[in-house]
Amino acid sequence: MNKRIGLYPRVRVEGGGRGAVSQAGAVLLVETVRKSGLDTAVSAALAPWRKARAVHDPGKMLLDVALAVALGGDCLADIEVLRAEPAVFGPVASDPTVSRLVDTLAGSGKRALTAIRRARAQVREHLWALAGDAAPDQSGQVTLDLDGVLVISHSDKQDAAATWKRTFGHHPLMGFVDHGPGGAGEPVAGLLRAGNAGSNTAADHITATRLALAQLPKKYRRGRRTLVRTDSGGGTHEFVNWLTARGRWLSYSVGMTITDAIHHAVLHVPASAWTPTVEPGGEVRDSAWVAELAGDCLTGWPKGMRLIVRKERPHPGAQLRFANADGMRLTCFATNTPGEAIAALELRHRQRARCEDRIRNPRDTGLRNLPFHGFAQNQIWLEIVQLALDLLAWMPMLALTGSSRLWEPKRLRLRLFSAAAQLVTTSRRRYLRLARHWPWTELITAAQQRLAALPNPG
């Protein structure tokens with residue numbers, strides 16, 4: 001009788017295997033690139049940077065790095081994961097060639113950034129049309145969420161500085177299109193800033209919003225159908241005035257700092273003016289109320305602005321701030337949406353919390369740290385991160401259904417992209433045969449069939 005030692009079976013390992021493909025589930029991302037036309041768009045955008053008699057296309061190299069980042073890489077050298085599987089990813093450039101491309105693009109200033117962003121915007125409009133009912137603009141409105149993200153630096157890099165959280169690094173400002181409760185979100189703006197950049201700098205919010213609007217289809221670049229949401233960092237006169245300027249007329253829902261005037265007005269709100277807040281399903285939320293303020297609080301702000309304050313009984317152990325009143329935690333936001341119940345407007349603004357999930361995704365997708373010393377190179381890296389996040393948002397939007405559309409990058413990598421397969425060539429065609437016992441094999445094959453059924457670009 002054999003005696004088993006340990007909790008796991010003993011498996012011997014040796015090299016020399018043939019026909020096996022790792023990261024086989026990444027074919028979903030490759031097919032998303034092909035069906036969206038992102039490869040041809042980025043290739044055409046970076047054509048001016050392709051040298052004569054060059055073997056590798058700059059657009060392909062940039063997308064290869066984005067695919068490596070989408071699969072969990074956090075530096076240029078991680079492109080080796082793709083180089084090891086030419087049957088899935090095609091020929092991949094060497095590390096020095098890719099590094100020289102990033103330096104070249106960084107040295108061209110805003111020209112390369114503008115070219116990459118235009119290609120992304122062009123593909124985004126086409127892809128939203130492909131997505132149909134799953135597109136984020138099916139409700140007739142597009143919601144842009146702006147928020148900052150701290151990127152810690154463990155070495156001295158250009159423009160790295162002490163942050164407001166007493167860390168050291170950079171403080172990019174990012175924008176995301178909210179896909180609603182049934183989907184994720186996709187990045188539309190990435191403004192790299194020094195670590196000591198302010199959270200409420202109006203000029204940076206305006207620049208980030210310009211970048212985000214340029215990524216949307218033209219019909220959403222102005223008008224009330226586009227809603228801009230921010231935390232209290234966006235609650236400045238200059239930014240709100242810019243949003244509502246003539247010819248722009250954007251909708252907004254921005255957090256506001258509780259000033260002395262607002263605090264004084266809250267103390268004079270009669271009990272009958274407070275309305276219970278609601279949950280997404282319509283049920284009343286316990287221990288939270290909202291009221292609309294008027295009078296001197298709106299002096300100096302744009303016409304049509306509504307100021308809504310929320311009070312909530314804090315959870316046990318929570319510490320109150322000086323701006324709180326009567327033992328209640330106070331928060332405030334402003335909007336220019338007319339005729340809507342204040343409880344519904346408060347729910348809409350509270351759902352901006354989904355932006356925190358969007359911020360977590362870049363940290364898990366190449367933005368845990370910035371790999372270069374130079375600021376210009378790191379700005380190119382931030383564009384690569386956004387390309388990777390685009391693919392991680394577009395693929396579920398086109399190919400996944402149900403709860404799997406909500407999976408974040410970590411779960412997509414663990415369950416889908418990390419699947420191994422056997423490469424089989426028959427009748428001059430190549431097939432990836434996934435393991436039958438893998439729990440998500442049917443999900444991968446069904447997603448691949450949905451992508452294959454989409455029309456080819458052009």
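Both backbone and side-chain heavy atoms feed into the values below; hydrogens, waters and symmetry mates do not. What you are looking at is a predicted structure, and each value in this text was computed from that prediction instead of being measured.
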N-O pairing of [X] and [Y] below 4.0 Å:
X: Asp137; Y: Arg225; answer: no
X: Arg34; Y: Asp39; answer: no
X: Arg360; Y: Asp357; answer: yes
X: Arg229; Y: Asp178; answer: yes
X: Asp145; Y: Arg358; answer: no
X: Lys218; Y: Glu125; answer: no

Parallel, tilted or perpendicular for [X] and [Y], by the 30°/60° rule?
X: His171; Y: Trp164; value: tilted
X: His237; Y: Trp301; value: parallel
X: Phe239; Y: Trp242; value: parallel

If you draw a 6.0 Å radius around [atom1] in [X], do more than 12 non-hydrogen atoms from other residues or ligands fall strictly inside?
X: Arg118; atom1: CZ; value: no
X: Glu442; atom1: CD; value: no
X: Arg222; atom1: CZ; value: no
X: Arg433; atom1: CZ; value: no
X: Arg430; atom1: CZ; value: no

Closest heavy-atom pair and its distance - Arg348, Ser253 | NH2-CB, 4.1 Å
Whether the [X] and [Y] side chains hold a donor-acceptor pair (N or O, under 3.5 Å, no angle test) is what I'd like checked.
X: Glu186; Y: His179; result: yes
X: Arg413; Y: Thr365; result: yes
X: Ser94; Y: Thr97; result: yes
X: Thr167; Y: Thr163; result: yes

Cation over ring, Arg415 on Trp407, under 6.0 Å and within 45°?
-> yes
